[in-house]
Every structure is written in C-alpha cells, then in structure tokens.
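Note that the structure is predicted; figures quoted are calculated from it, not measured.
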Amino acid sequence: MIKVVGVRFRQAGKIYYFDPADLDLEMSMHVIVETARGVELGTVLIPPKEVEDDKVIQPLKPVIRIATDDDERVYEKNREREKEAFAICKEKILKHDLQMKLVGAEYTFDNNKLLFYFTADGRVDFRDLVKDLAAVFRTRIELRQIGVRDETKLMGGVGICGRPLCCATYLSDFVPVSIKMAKEQNLSLNPMKISGVCGRLMCCLKNEQETYEYLNSRLPSIGDYVTANDGTKGEVTGVNVLRQLVKVVVDNGDEKELKEYKVDDLRFKPRRRKDYKLTKEEMKELEGLEEDKEEDILDEPEQKEQREPRPQRNRRNRNNNRGERGERGNNGAERGNNGADNNRGERRGNYNRNERGNNGGAGENQ
C-alpha cells in the first residue's frame, strides 16, 4: 500500500495522485505540486489515503507545499495575464492569416510555459506564429489543437435543459455516445434535438442508457401478442417505457377494444434486444454527430509514465559480428585445404564465436 492525495487542476478536470509527504492536507485545500509541465497550483479533492501499489505510477511526485496567500496572488495574476496573452495571440493569428480559432490561453504557475488552445479544420503550420509569440512573452510557447468537445468544455455554456453544461461542471472524461442510444430511448433523430452545444451527441444520453435498457427489456415489442391475467388476449400497439404501460387491442367478438395494462399484469415471451439499424437517409442526416473516438487532450496526465528504454544492439558490434562471421567462414575453408592451417582455423573460429557472443551481450546492455 502507498499513501496518496488526489489533486485536480481545473474545474471538471481529471484527478491525479501525488505523494502527500508529511503535510496535513484536507479537502478543498490548495497545494503547490510539481507536474510534467512545471510547477502548478491544484485543489485537493481526495484527502490522503492508502491505495494499492499497482493503482498508481511510481515514483509519485510529492506535494511541494500548501499554497500561501502569496501563491494565491500569483495564481490570480496569471489569470489576468492570460487575458492579455489571449488578445496578443489573436492579433498575431490575424497577422499571419492562419485558419485557426483561438479558444484559450493558460500560464503555468511558475510562468515557465504559456499554452494556447485552438481549433482548426485541419493541420496548421504555426511555426512562424510560435516564433513571434516567443519573442513577445520571452517564455516557452506551446500551441495545442483541441476538438469541439474540448472547446465547449473550456468555454462553458448552458444546455437546452437550461442548466450549465455537464462537461464544464462535473464530467472529467468524455463518455462515448452513439446514435443507437437515442433510438433505444425512443427519441426523435432530429439533429437539433439530440446534439449539444458542441454539435455532437449530447453526453446526457449516456446517463439514462442503462435505465432504458432495463425498462425496455421488461416490455413486449409492438406487434407481439400478449395474454392478460384476466385471460384476454390481444396485440400490442404501443408502450410507455417510463410508466411501464402497454396498450393492447383486444377482440371482443364484433368489435375491438383498446385497453391499457401494466406490464406486470401481462404474460408474453421475453423481449429480445433490438439491433437498431439506421437507414441511409438517417445516416446522412446524422453524419458528424457521432465520432469514433473522443480524446480529452485538454487535460493531459500531469505525471507521465516512465517507460524503460528497449535494449538496442550496437550497430558497430553488428558490423564487427558480420565481419567475424565472414572471417570464420574463410577460416573454415582454410581448414579444409591445409591440415597445418586447420588448427589455426579452429582456434580462430572459436575465438570469433566467443568474441561475437561477448560483443552481442555488450550491444544488448547498451
């Protein structure tokens, strides 16, 4: 077991583990930590606790100190400087006539790096822009291209429900959302109704997916024949998923009657899970709402995993080995032609084999 503390660096961002050292840390406390991109100020969301060793990437970087009043003032000053940097970068983009939309600017706590986030339809050659920005701000400049979901998370907003966006308030990761979820929930496939501010499928479709899957599994399909507890039989013409009600057309001799039953009062074969398929017209209309993969590149891991370098064989040793193998072959030929040279060839061949093994081992270790 190892003792860790969970720290977050932006609202609705990911939580990263650090070594709490001997500090007395509590929830919502601001701390100064060292990350992969420099010294940062973060907020404690998980108080110090013990976790299993395989749950964290070791060695953990320690918490440097609890944030002081001076640290808080530096943090607020950086936020003000980011507004100025944003305006300057926007002017430089117009000057270089680059097809990119600037979304945000961010200083690291120690001012060691200035990051600019932007969106673009394709790749953008911003090398000249970076040179101009480095000359103005006299610090390391990094331009990072983000997706439309990251842009919406960074800027925030209000959804069609009238509440602040989920991604900007509490969602730390983008969940995969598919059009099949909208069909499972019997929603209209109108892009204006099932897409969010970012133009992609609403993240909240995932919130109720499990509930709808369970409720739908308890209902018969439209067109199925069911039997009520009172013995009447009929064909299902409609269902109410949330209320778990089923509309059944019952044949009463000369006339048919529409009745509504609770699903618990009906007997029928269990419903098979539907394989929702979209028509070509629906696919064309909904094209672009669903993406294969969403990467949260706005909030990178602050502590990168240290991978051991793969062993590489020394090229010089490989060349030497090839020469030794050729020499050994020649020695074998000499051994066959001359009995006196045979012993020398065998000794030299053994020497070359030993040397090749040593050289190969040295190459693996380098």
Participant: State yes or no: do L98 and F86 share one hydrophobic cluster built from I, L, V, M, F, W and Y residues joined by side-chain heavy-atom distances below 4.5 Å, directly or via other members?
Facilitator: yes
Participant: Has E40 got a side-chain atom pairing as donor or acceptor with V31's backbone, closer than 3.5 angstrom?
Facilitator: no
Participant: Considering all heavy atoms of both residues, which atom of V33 and which atom of I64 are nearest to each other, and what is their separation?
Facilitator: C-CD1, 4.0 Å
Participant: Quick one: does Y117's side chain get under 4.5 Å of I146's, heavy atoms only?
Facilitator: yes
Participant: Could you check whether Q209 and Q185, counting side-chain N and O atoms only, form a donor-acceptor pair closer than 3.5 Å?
Facilitator: yes
Participant: Give the ring-plane orientation class for F137 versus F116, where under 30° counts as parallel, over 60° as perpendicular and anything between as tilted.
Facilitator: tilted
Participant: Heavy-atom count check: over 12 atoms from other residues, nucleotides or ligands less than 6.0 Å from K259 NZ?
Facilitator: yes
Participant: Just checking M1: does its CE atom have more than 12 heavy atoms from other residues, nucleotides or ligands closer to it than 6.0 angstrom?
Facilitator: yes
Participant: So that I can tick it off, tell me whether R65 and D71 are bridged by a salt bridge, with the cut-off set at under 4.0 angstrom between side-chain N and carboxylate O.
Facilitator: yes
Participant: Could you please spell out the steps behind the salt bridge (charged side-chain N to carboxylate O under 4.0 Å, His left out) verdict for K233 and D251?
Facilitator: CA-CA 8 Å; K233 298 181 180 181; D251 190 358; over 6 Å; no
Participant: Less than 4.0 Å between a side-chain N and a carboxylate O, is that true for D125 and R127?
Facilitator: yes
Participant: Test of understanding: with salt bridge (charged side-chain N to carboxylate O under 4.0 Å, His left out), list the residues that count as partners of E80, not counting sequence neighbours.
Facilitator: K83
Participant: When you compare the side chain of L189 with that of I179, does any pair of heavy atoms fall below 4.5 Å?
Facilitator: yes
Participant: I need the F118 CZ to M100 CE distance, nearest 0.5 Å.
Facilitator: 4.0 Å
Participant: Using the ring of Y75 (Phe, Tyr or Trp, six-membered ring only), decide whether R73 places NZ or CZ under 6.0 Å from its centre and within 45 degrees of its axis.
Facilitator: no
Participant: Please examine the side chains of I46 and Y17, heavy atoms only from C-beta on, and report whether any two atoms are closer than 4.5 Å.
Facilitator: yes
Participant: Quick one: does any side-chain atom of D224 pair with a main-chain N or O of S221 as donor and acceptor, under 3.5 Å?
Facilitator: yes
Participant: Check the side chains of D121 and Q99 for a donor-acceptor pair under 3.5 angstrom, ignoring hydrogens and angles.
Facilitator: no
Participant: First locate atom CD1 of I2, then atom CG of D19, and finally report the distance between them rounded to the nearest 0.5 Å.
Facilitator: 6.5 Å
Participant: With a distance cut-off below 6.0 Å to the six-membered ring centre and an angular limit of 45° from the axis, does K153 pair with F174 as a cation-pi contact?
Facilitator: yes
Participant: Could you state the interatomic distance from CE (M202) to CG (L187), rounded to the nearest 0.5 Å?
Facilitator: 7.0 Å
Participant: Would you say the side chain of L25 lies within less than 4.5 Å of the side chain of I66, judging by non-hydrogen atoms?
Facilitator: yes
Participant: Any salt bridge between R37 and E106, counting N to O under 4.0 Å?
Facilitator: yes
Participant: Give a yes/no verdict on a cation-pi contact between R8 and Y16, requiring under 6.0 Å between NZ or CZ and the six-membered ring centre and an angle within 45° of the axis.
Facilitator: no
Participant: Measure across C198 and T152 and return the closest heavy-atom pair with its distance rounded to 0.1 Å.
Facilitator: CB-OG1, 3.1 Å
Participant: When you group the ILVMFWY residues by side-chain heavy-atom contacts below 4.5 Å and let the links chain together, are Y214 and V241 in the same group?
Facilitator: yes
Participant: A side-chain contact here means heavy atoms from C-beta on lying under 4.5 Å apart; do P220 and V246 qualify?
Facilitator: yes
Participant: For the residue pair D110 and T108, confirm or rule out a side-chain donor-acceptor distance under 3.5 Å.
Facilitator: yes
Participant: Taking 4.0 angstrom as the limit, do K14 and D173 come out as a salt bridge?
Facilitator: yes
Participant: When clusters are formed by joining ILVMFWY residues with side-chain heavy atoms under 4.5 Å apart, either directly or through shared neighbours, do L115 and I88 land in the same one?
Facilitator: no
Participant: Below 4.5 Å, heavy atoms only, C-beta onward: do E257 and V249 meet side chain to side chain?
Facilitator: no
Participant: Between E84 and R81, is there a salt bridge with N-O shorter than 4.0 Å?
Facilitator: no
Participant: Compare all side-chain heavy atoms of M181 with those of K206 and state whether any distance is below 4.5 angstrom.
Facilitator: yes
Participant: Between A12 and C167, what is the shortest heavy-atom contact and its length?
Facilitator: CB-O, 3.5 Å
Participant: If I compare all heavy atoms of K92 with all of D132, which pair ends up nearest, and what's the gap?
Facilitator: CD-CB, 4.3 Å
Participant: Is there side-chain contact between Q244 and V239, with heavy atoms separated by less than 4.5 Å?
Facilitator: no
Participant: Hey, mind stepping through T35 and F9 against side-chain contact (heavy atoms from CB on, under 4.5 Å) and telling me if it holds?
Facilitator: CA-CA 11 Å; T35 69; F9 298 94; 3.7 Å; yes
Participant: Between Y261 and T232, is there a side-chain donor-acceptor contact under 3.5 Å, judged purely by atom types and distance?
Facilitator: yes
Participant: Is a salt bridge present between E142 and R144, judged by a nitrogen-to-oxygen distance below 4.0 Å?
Facilitator: yes
Participant: Is the side chain of T139 donor-acceptor paired with the backbone N or O of L114 at a distance under 3.5 Å, no angle test?
Facilitator: no
Participant: Heavy-atom count check: over 12 atoms from other residues, nucleotides or ligands less than 6.0 Å from K131 NZ?
Facilitator: no
